[in-house]
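One structure below.
Computed from a prediction, not measured in an experiment: that's the story for all the values here.
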Amino acid sequence: LVDSLDFFDINITGGWCSDDLILTGVDDGRGGTWQWYKDGVALTDETDISLEPISYGEGEYSAIYTFEGVCKRSDYIAPEVFDVNFEFESPPCFPSEVSLINTSDLIYGEPLEWIWDLGDGTIESTEDVTYNYDDAGVYTIELVGLSSDPSCNDTSILTFSLYNPPNANFEINSETLFILGGLANSCINEEIQFNDLSTFDVLAPITSWYWEFGDGSTSVEENPIHIYDYPSSFIVKLVIENEFGCKDSINYRLVIGTLYSNFTFINNCINDEVLFLNESASLGFIILDRYEWLFGDGSTSDLENPTYAYLDEGTYTVELIAISESGCRDTMSHEITPYPSPDVDIEFIVTGVSSEDGGTGGCIYNPVEFYDHSTITEPHTIVSWNWDFGDGATSTDENPVHEYDAPGLYTVALTTESDLGCEATGIIEILMVDGTAIVSPDTTICQNGTATIYAQSSDGSSHDYTWS
């Protein structure tokens, strides 16, 4: 390329990137010649005052004007050409740092300037941008690359949403729930309802829930039910996530207490009161309030330490239900077999006639034999006898003999005692009389005649008579 002595301007019309660029030299009217060059190499047949350079591609163009051995030169450098693009890296949740990565294709040269419009009134001019928005919302981001030829300016536009994250919250419900010192309290073995109360952006609804109950158990239900089987203080955690991966979590402390229902008893005999000793206790902030006793035969009590007498032999299941102020319940049961009492059975015999055969008594001059036929459930035994003959006399023999001194109707009582100290009493009545036989006076009758002879007791009592 010949160095020129002077330079002149090139008139430019159209644009490189609009595909209508024309370069035109300045004619001084003296009839000189023209030659166009690209990157220092003369372009064949390009000797007009004007050039359409686009077909030759990017480069440095020069126009040489020569007149009478003197030349002048003017240069034109092809503009920067690029394809503007960018991408963003950011969780779509507010607040998040947004990274805008410039991925433009630099076809020929670099832009003179980058201009970012971040959609909230903020303008940046760096190649890449890292930015924190003040609010959630939908933002239209524009990146402009400026070229020396305005027709080659390029723009890329992307729209993205920055959503408000979900706000985790939940409540705890239970029939036995109570609040103490700001903490929720309940009991073991009770159904506890956990209800999600989280709020969220209507454009980014919650799509998953993850519960940790603090005892190793978890759930992915929205509103789960959980039962704790041991007392402690538990941290319950809820993690929520929307469809864009935005998360939030919250923890609550839940105190689980318990009741320990238990009792002992001092056994006793049938018809005697059994003493039940309540040994129930509570753990945590649970306060015992009341009790329900079920004695196994349909009878109940609400006393703390009741007594109860069973009327029939057998084995009974006794239940104690301990109940707290908040309604927590625990049940303990024990079997009890009240000690059996003897079943008293008395027989007496007077002059060979037994009460079991219909005998009602006899003459006071005859001894009365008393027999105990009482029974008791094996393996228990009767170990003592106490007779009261109704006339002030007593005996501790098993089968005593007694003589009455005066006639009368006597109530005889026998109290027997078992090897466990259980007593039972039975009675029988006996009629003792003092009558002598009175025979009708002598009567004279003729041979082959008949006579009526009668006899009766002197006291009107019944007698058996033998005639001879």
Within 6.0 Å of [atom1] in [X], more than 12 heavy atoms from elsewhere:
X	atom1	result
N251	CG	yes
L112	CG	yes
F285	CZ	no
E171	CD	yes
E110	CD	no

Taking the side chain as every heavy atom from C-beta outward, state whether [X] and [Y] have any atom pair closer than 4.5 Å.
X	Y	result
S174	I192	yes
N223	F170	no
N267	I336	yes
L118	L100	yes
N366	M432	no
H380	P340	yes
E313	T377	yes

Do the side chain of [X] and the main chain of [Y] share a donor and acceptor less than 3.5 angstrom apart?
X	Y	answer
D20	G15	yes
T381	V383	no
N102	E127	yes
D312	Y310	no

Checklist entry - Checking ring pair (Phe, Tyr, Trp, His ring centres under 6.0 Å) against W293, which of Y316, F263, Y308, F265 comes through? => result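 Result for ring pair (Phe, Tyr, Trp, His ring centres under 6.0 Å) with W293: F263.
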Classify the side-chain pair [X]/[Y] by whether it contains a donor and acceptor separated by less than 3.5 Å.
X	Y	result
E319	S333	no
Y371	D345	no
D196	S198	yes
N169	Y252	yes

Checklist entry - Salt-bridged, E325 to R290, with N to O below 4.0 Å? => result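 So E325 does not pair with R290 through a salt bridge.
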Item to check | Option from I206, D201, T207 for which side-chain contact (heavy atoms from CB on, under 4.5 Å) with P166 holds | outcome: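 By the side-chain contact (heavy atoms from CB on, under 4.5 Å) criterion, P166 pairs with just one of I206, D201, T207: I206.
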Checklist entry - Given the rule in the side chain to side chain donor-acceptor pair (under 3.5 Å) test, do T176 and S186 qualify, once you have shown the distances and angles that lead to the verdict? => result CA-CA 6 Å; T176 60; S186 190; 2.8 Å; yes
Next on the checklist: Could you report the tightest heavy-atom contact between I227 and N189, atom names first, then the distance?
Outcome noted: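 In this case the closest contact between I227 and N189 is CG2-CA, 3.6 Å.
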Next on the checklist: Working note: F82 + Y108, criterion ring pair (Phe, Tyr, Trp, His ring centres under 6.0 Å); need CA distance, chi angles, decisive distance, verdict.
Outcome noted: CA-CA 6 Å; F82 35 80; Y108 184 74; over 10 Å; no
